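In what follows, a single structure is set out as structure tokens and then discussed.
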There are 2 protein chains.
Amino acid sequence: MSFNKFLLETLRARGWRVTAARRAVVEALARAGCAADVQTVYRLAKRAYPRLGLVTVYRTLDLLAREGWVQRWEEGGAARYELDQPHHHHLVCLACGAVQRWDRCPVSVREGATLGGFVVTGHRLELVGYCRTCREVVR
Amino acid sequence: MSFNKFLLETLRARGWRVTAARRAVVEALARAGCAADVQTVYRLAKRAYPRLGLVTVYRTLDLLAREGWVQRWEEGGAARYELDQPHHHHLVCLACGAVQRWDRCPVSVREGATLGGFVVTGHRLELVGYCRTCREVVR
DNA sequence: CCTGAAAGTGAAAATGAGTTTCAATAAGTT
DNA sequence: AACTTATTGAAACTCATTTTCACTTTCAGG
């Protein structure tokens with residue numbers, strides 16, 4: 001809970017208002033864990049603050065992304081968000097679509113590297129394959 | 001042109017019909033190069049086969065992806081496709097959205113590796129940053 | 001070469017994620 | 001408490017993608 005408070009207070013310090021809707025979204029995001037889609041965040045947040053609108057979830061996630069508190073990425077036609085945690089990647093199951101977090105980084109290109117004029121500021125890696133369950137079921 | 005023929009004949013051998021629409025899409029895809037969006041493929045293919053419908057482009061790209069001839073990935077709300085070429089990755093510019101192909105692979109996890117029950121069959125890597133042009137303009 | 005069953009097609013309508021608009025509401029300053 | 005202005009929710013909208021369905025084409029078998 002302390003992290004959420006810090007996040008919200010930092011937002012306030014930067015001139016944004018701290019509202020019930022934003023509090024609910026931040027809390028939902030923290031509970032949702034890795035790579036939650038908008039609907040999941042919406043459902044969780046609405047539990048704590050029933051008159052929350054979906055639009056506000058989009059707006060808040062966008063705000064948090066622009067302020068650097070969450071990462072945004074796309075998978076299967078819908079965006080996913082997660083609180084900006086220590087550098088990690090994702091294991092995406094081709095059969096069931098489940099996303100697992102994986103804490104190692106097997107990418108040898110570091111921030112600031114220049115590749116023929118292109119300056120690298122970061123990277124996104126997804127390892128695709130089959131999760132333990134689907135591995136047995138499929139094929 | 002020979003590659004396209006091979007692709008189409010292989011499809012036929014697997015029981016799919018080779019149609020004018022599919023020929024046009026495959027040719028467009030070959031011309032489009034790296035990471036073409038659906039609209040680009042559609043525009044190119046329609047030149048060769050004017051009564052082509054957009055729906056058929058979606059369907060054909062989907063077929064080719066399922067048959068393993070093209071890679072599909074998502075970026076900025078619209079899917080991109082490209083003929084499955086030798087393993088490579090993409091440099092995505094945060095400012096202008098341009099996508100460049102990059103032929104090296106800095107990922108040390110190989111196919112077949114098992115990570116706590118998850119079997120890796122492949123990976124997708126995007127290096128994000130600023131292209132030569134935007135690097136000078138932005139900031 | 002014909003022919004017919006089944007696959008494939010295009011147009012239009014439907015879906016669904018995400019965005020915009022706008023009048024009403026609430027945060028935080030005075 | 002009053003006031004200014006950011007924020008909100010609902011509804012309408014946009015745009016990529018999918019579905020439906022009546023019509024067309026492919027190609028295996030004659």
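Please read all numbers here as calculations on a predicted model, not as lab measurements. Hydrogens, waters and symmetry mates play no part in the numbers below; they use all other heavy atoms, side chains included. Letters A, B, ... are given to chains in the order of the sequence lines, protein chains preceding strands, and every chain is numbered from 1.
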Report which part of the nucleic acid B:Ala79 touches: base, sugar-phosphate, or nothing (heavy-atom distance under 4.0 Å, all strands).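 The answer is sugar-phosphate, as B:Ala79 gets under 4.0 Å only of primed atoms, P, OP1 or OP2.
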Just how far, in rounded Å, is [atom2] of [N] from [atom1] of [X]?
| X | N | atom1 | atom2 | result |
| --- | --- | --- | --- | --- |
| B:Tyr58 | C:dT9 | OH | P | 16 Å |
| B:Leu61 | C:dG8 | CG | P | 15 Å |
| A:Tyr42 | C:dA17 | OH | C1' | 14 Å |
| B:Arg59 | C:dG10 | CZ | C1' | 7 Å |
| A:Arg14 | C:dG28 | CZ | P | 16 Å |
| A:Leu63 | C:dG18 | CG | P | 17 Å |

Provide the closest heavy-atom pair for [X] versus [Y] in the form atom of the first, atom of the second, distance.
| X | Y | value |
| --- | --- | --- |
| B:Val128 | A:His123 | CG2-N, 4.1 Å |
| B:Ala35 | B:Glu82 | N-OE1, 3.0 Å |
| A:His88 | A:Trp102 | CB-O, 3.4 Å |
| B:Ala24 | B:Ala45 | O-CB, 3.6 Å |

Close side-chain approach of B:Leu83 and B:Leu29, heavy atoms under 4.5 Å: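 Yes, close enough: below the 4.5 Å cut-off.
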In the structure I gave you, are the side-chain heavy atoms of A:Thr40 and A:Asp37 within less than 4.5 Å of one another anywhere?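 Side-chain contact under 4.5 Å: yes.
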Do NZ/NE/NH1/NH2 and the carboxylate oxygens of B:Glu67 and B:Arg14 come within less than 4.0 Å?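 A salt bridge is present here (some side-chain N lies under 4.0 Å from a carboxylate O).
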Does A:Arg31 pair with A:Glu27 as a salt bridge, N-O distance under 4.0 Å?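 Salt bridge flag = yes for A:Glu27 with A:Arg31.
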Listed nucleotide nearest any side-chain atom of A:Arg17, set C:dG28, C:dA17, C:dA7: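 Among the listed nucleotides, the one closest to the side chain of A:Arg17 is C:dG28.
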With rounding to the nearest 0.5 angstrom, report the CG to CD distance, B:Leu64 to B:Gln71.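 It comes to 12.0 Å.
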What is the 5' to 3' range of DNA chain D, first to last nucleotide, that sits under 4.0 Å from any heavy atom of chain A?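 Footprint of chain A along DNA chain D, 5' to 3': D:dT5 to D:dA11.
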Nucleic acid contacts of residues 48-56 of chain A, taken as heavy-atom distances under 4.0 Å to DNA chain D: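 Under 4.0 Å from DNA chain D: A:Tyr49, A:Arg51, A:Leu52, A:Gly53, A:Val55, A:Thr56.
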B:Trp16 vs A:Trp16, nearer the 5' end of DNA chain D by closest nucleotide: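 Mapping each residue to its closest nucleotide by heavy atoms, the 5'-most match is A:Trp16.
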Both A:Thr60 and B:Tyr81 contact DNA chain D. Taking the nearest nucleotide for each, which residue is further toward the 5' end?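 The answer here is A:Thr60.
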Relative orientation of the end axes in the helix from C:dC1-D:dG30 to C:dT30-D:dA1, expressed as an angle to the nearest 10° (five pairs per end):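 End axes: 40° apart.
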Does A:Arg101 have more than 12 heavy atoms from other residues, nucleotides or ligands lying within 6.0 Å of its CZ?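 Result for CZ/A:Arg101: enclosed.
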Output yes when a side-chain donor or acceptor of B:Thr56 lies under 3.5 Å from a complementary backbone atom of B:Leu52, and no otherwise.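 Not confirmed, B:Thr56 side chain does not pair with B:Leu52 backbone.
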